[in-house]
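Letters go in sequence order (proteins before strands), and every chain restarts at 1. Just so it is clear, the model here is predicted, and its values are computed rather than measured.
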Amino acid sequence: RKEVEQDPGPFNVPEGATVAFNCTYSNSASQSFFWYRQDCRKEPKLLMSVYSSGNEDGRFTAQLNRASQYISLLIRDSKLSDSATYLCVVLLGNNDMRFGAGTRLTVKP
Amino acid sequence: DAMVIQNPRYQVTQFGKPVTLSCSQTLNHNVMYWYQQKSSQAPKLLFHYYDKDFNNEADTPDNFQSRRPNTSFCFLDIRSPGLGDAAMYLCATSSPRLASPIQQFFGPGTRLTVL
């Protein structure tokens, strides 16, 4: 089993749609959780950290369920500029960051 | 201003010819990472330094080595590149002592082509 698994995608949605990505992780000792965004041929950039209480940043909402070892990202009112690959990232101990394979999102006019 | 700098941005080498990729940071972060990312795949951690302590991933080939002469610089040496080593190599930093939760900052990457 992979340490971090994500929806395979790709997701193709119209502008204005709401889209949700899921991620599961295998190591129950995982400490911190993040969503990164990666544009084509660019480096990953932090989108948001994920907290147990859930957190929201504008159109983006992240949720963490430690019992189910599950993380989600919800994007509301999708924009063309949201088109990218979204990477689920889990911090294990020893500063060890593990990445999911990413889910590609394409928002179309 | 760039905080994590990678040079060169594009590197072409020949099969078997050693190559060194460099990473420097202006953040004074104590942890530096090297990742390999192939097309449509997740970044794969090769190794990381916590200060001077080197942490190698179990499945990182011996062909890949790293050096960290000081806090600011970290190098990735590929001793005998094979065709399968063509990828984007990403350097990242973090500072557990400064931030909670830990956030990684990535450089722009070096795209390696092996001929």
(message) Please determine whether residues A:Val50 and A:Tyr25 belong to a single hydrophobic cluster, defined as Ile, Leu, Val, Met, Phe, Trp and Tyr linked transitively by side-chain heavy-atom distances below 4.5 Å.
(response) yes

(message) Quick check: closest heavy atoms across A:Met97 and B:Tyr33, and the distance to 0.1 Å?
(response) CG-OH, 4.3 Å

(request) Please check if B:Leu21 and B:Phe54 belong to a single hydrophobic cluster, counting links between Ile, Leu, Val, Met, Phe, Trp and Tyr side chain heavy atoms closer than 4.5 Å. (result) yes

(message) Taking side chain as everything from C-beta outward and backbone as N, CA, C, O, which of these in A:Gln38 sits under 4.5 Å from a heavy atom of chain B? Side chain, backbone, both or neither.
(response) side chain

(message) Are B:Val31 and B:Phe106 linked, directly or through intermediate hydrophobic residues, by side-chain heavy-atom contacts shorter than 4.5 Å (ILVMFWY only)?
(response) yes

(message) Can you tell me which portion of A:Arg41 sits under 4.5 Å from chain B's heavy atoms? Options are side chain, backbone, both or neither.
(response) both

(message) Same cluster or not: B:Phe73 versus B:Ile78, using hydrophobic residues (I, L, V, M, F, W, Y) connected whenever any side-chain heavy atoms lie under 4.5 Å apart?
(response) no

(request) With a 4.5 Å cut-off on heavy-atom pairs, point out which of B:Ser94, B:Pro43, B:Ser40, B:Ala92 contacts chain A the most. (result) B:Pro43

(message) Please rank B:Gln104, B:Met88, B:Glu57 by heavy-atom pairs under 4.5 Å with chain A and give me the top one.
(response) B:Gln104

(request) Mind ranking A:Arg104, A:Lys42, A:Gln6, A:Arg98 by heavy-atom pairs under 4.5 Å with chain B and telling me who comes out on top? (result) A:Arg98

(request) Pick whichever of A:Gly102, A:Ala101, A:Cys40 has the most heavy-atom pairs under 4.5 Å with chain B. (result) A:Ala101

(message) Quick check: is B:Tyr49 connected to B:Leu45 through a chain of hydrophobic side chains (ILVMFWY, heavy atoms under 4.5 Å apart)?
(response) no

(message) Are there over 12 heavy-atom neighbours, none belonging to B:Asn70, within less than 6.0 Å of that residue's CG?
(response) yes

(message) Between A:Lys45 and B:Phe105, is the side-chain contact (heavy atoms from CB on, under 4.5 Å) condition met? List the steps.
(response) CA-CA 7 Å; A:Lys45 292 186 178 178; B:Phe105 293 83; over 6 Å; no

(request) Please flag which part of B:Gln37 lies under 4.5 Å from any non-hydrogen atom of chain A: side chain, backbone, both or neither. (result) side chain

